[in-house]
Amino acid sequence: MLLQQTRVAQAVPYFERFTRRFPTLRSLAQASQEEVLKVWEGAGYYARARHLHQAAVLIAKEQGGRIPSTVPELERLPGVGPYIARAIASQAFGVAVPALESNGLRIVARWTREAHDVRVPKVRATLEAVLSRELPVSRPGAYNEAVMELGETICTLRAPRCRECPVSSLCATYRAGVDPETLPKRAPKPRRPLVRTSVIVLHHRGGILLQRRPPRGLLGGLWELPGAERRKGELPEQAVRRELREEIGITVGKVRFRGVVRHSYSHFHVELRILEGDVAGSPPPLAGHRRWVSPRELTRLPLPRATTRVLETIRMAGTRRRPSGERTDRAQRAADRSHP
DNA sequence: AAGCCGGGGTA
DNA sequence: TACCCAGGCTT
């Protein structure tokens, strides 16, 4: 589930961290969602973590801890769709079903010169039927993995190495002399709009104000800095003052500009102009999804990457230098990759 | 069927 | 900058 829309190399450090903290299904089932999100932090697509947690709770409670072994049962689990259900069934339980993800879809689309979008269910079913005929009943899991491996090393999206391909004789695209890079066909994606926002690091009694996002949707359940989308012609400071006054009843004192962070999500870009300041007067009591968070508590809350980057920017502005020994996120991930 | 959902490597 | 990655869920 972690590998969903995530490259293997990118997932490895998160996999290590997650399985170290939750080595068993039961340990995952017993954890709070907030801690699960914290351990998942940075991996993205946070619904995957919520679903995996829900699935663990469900299996521990209703199945006596036994993971289902058939495709229909697996597909009923939250976060488990057609691919993951078939991958688990074939690889963990030896069920003879093809498991097609994007590598497999690409390969079979090229083998058959499939002219339509391979993500359309009807087309997808056709490709699955083709692969079902090739799939050896004795080792379906190994076969499914081999198809992915072929897609990763030989039949790549760009610059495929047909000369090295062990099954080019089976490939209709290769035999016809058609450029394999023209397949599979995919619908173009709409381009991502830019959203201009301003956020504030608002200090009060040794803490800063954070708010938890709604339990579903973008970054669901994660904690972030308060802020607002800037309206046309509106200054960053005006947007933040308006939002905190109208939504929380807080009057913001003098603020200072601390820099800009740009971040990209799956379907839009965002620009965060960073402000820092204090509360004017005494703030009202906060609702449950808002808290004054001490530096110590901050280490336990799940934060989106953009928020982490904003806080890092503030720390650098405050200290002028990074304390020796501390690594940036990027440097830390690079270190994780070279010393897994 | 189409849109939503993160983050990062790569060309 | 645009594209894509061991997809699934919601509308």
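In the text below, chain A, chain B and the rest are named by the order of the sequence lines, each starting its count at 1. Values below: every heavy atom of this structure, side chains too, minus hydrogens, waters and symmetry copies.
- Under the 30°/60° scheme for interplanar angles, the aromatic rings of A:H204 and A:W292 are found to be tilted.
- The residue A:Q91 sits close to a base: some heavy atom pair falls under 4.0 Å.
- Candidate nucleotides B:dC5, B:dG6, C:dA2 were compared by shortest atom distance to the side chain of A:H267, and B:dC5 ranks first.
- At whole-Å resolution of the value, CG in A:L157 and C1' in B:dT10 are 11 Å apart.
- Among the atoms of the strands shown, none is found under 4.0 Å from any heavy atom of A:G104.
- The nearest whole Å value for the distance from the CZ atom in A:R305 to the P atom in B:dG7 is 7 Å.
- Using a 4.0 Å heavy-atom distance criterion, A:S266 is classed as a base contact.
- You won't find any donor-acceptor pair under 3.5 Å spanning the side chain of A:R48 and the base of B:dC5, going by distance alone.
- The 5' end of DNA chain B is approached more closely, in terms of each residue's nearest nucleotide, by A:P190 than by the other of A:H263 and A:P190.
- In this structure, A:R216 atom CZ and B:dG3 atom C1' are separated by 17 Å, rounded to whole Å.
- For A:R158, the listed nucleotide lying nearest its side chain is C:dC4; candidates were B:dG8, C:dG7, C:dC4.
- With respect to the salt-bridge test (charged N to carboxylate O, under 4.0 angstrom), the residues A:E276 and A:R256 do not qualify.
- With the nearest nucleotide of DNA chain C identified for both A:K189 and A:Q5, A:K189 has the one nearer the 5' end.
- When each of A:P78 and A:R192 is assigned the nucleotide of DNA chain C with its nearest heavy atom, A:R192 is the one assigned upstream, toward the 5' end.
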